[in-house]
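Single-structure report; data block below.
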Amino acid sequence: DAEAQQSFDFLSEQLHGLRRAFSTLSDVFVEEVDSLRAEQKAQAQALRTARAEVRRLKGEAEARAAEGSAHAERLDGLEARVERASGEVQALARDAGKASSSS
């Protein structure tokens with residue numbers, strides 16, 4: 001009977017030890033999962049922030065490209081006007097040369 005009680009006490013002590021070990025393991029596991037969740041949330045937020053910044057920069061670049069295109073069109077128009085004015089000046093100079101040589 002005493003031997004059975006010793007076996008029971010030993011097994012009971014072992015069982016309590018296992019319960020404590022599983023409880024500790026469970027606590028560590030939950031803490032680790034919570035830590036991973038927090039890290040994942042932080043990374044997701046950083047990714048959302050980076051995506052928003054990329055969208056903003058893309059919009060800004062597109063606006064500047066449109067601005068540049070408008071400036072290029074204006075410059076083309078100005079160049080055409082300068083070419084026409086240059087032609088007119090040359091024509092006037094020819095006409096002035098003809099008028100002075102015939103006088």
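- With rounding to the nearest 0.5 angstrom, the CG atom of Leu36 is 5.0 Å from the CD atom of Glu32.
- For the atom pair CD (Gln43) and CD (Glu39), the distance works out to 5.0 Å, reported to the nearest 0.5 Å.
- Partners of Arg74 under the salt bridge (charged side-chain N to carboxylate O under 4.0 Å, His left out) rule, at least two apart in sequence or in another chain, do not exist in this structure.
- Leu15 CG to Phe8 CZ: the interatomic distance, rounded to the nearest 0.5 Å, is 9.0 Å.
- One distance of note links OG of Ser23 with CZ of Arg19; it measures 11.0 Å at 0.5 Å rounding.
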With a 3.5 Å cut-off and sequence neighbours excluded, list the donor-acceptor pairs that the side chains of residues 55-72 form with protein atoms.
{"from": "Arg56", "atom 1": "NE", "to": "Glu53", "atom 2": "OE1", "distance (Å)": "3.3"}
{"from": "Arg56", "atom 1": "NH1", "to": "Glu60", "atom 2": "OE1", "distance (Å)": "2.9"}
{"from": "Arg56", "atom 1": "NH2", "to": "Glu53", "atom 2": "OE2", "distance (Å)": "2.7"}

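- Within the model, atoms CZ of Phe22 and CG of Asp27 stand 13.5 Å from one another, a figure rounded to the nearest 0.5 Å.
- Side chain of Thr24 to main chain of Arg20: a donor-acceptor pair is present (N/O by atom type, distance under 3.5 Å, no hydrogens or angles).
- A search for side chain to side chain contact (heavy atoms under 4.5 Å, CB included) contacts involving Gln45 returns Arg48, Thr49, not counting sequence neighbours.
- How far CD of Glu88 is from CD of Gln90: 11.0 Å, rounded to the nearest 0.5 Å.
- Around the CD atom of Glu79, the shell of radius 6.0 Å holds more than 12 heavy atoms that belong to other residues, nucleotides or ligands.
- Residues Asp1 and Gln5 bring no donor and acceptor atom of their side chains to less than 3.5 Å of each other.
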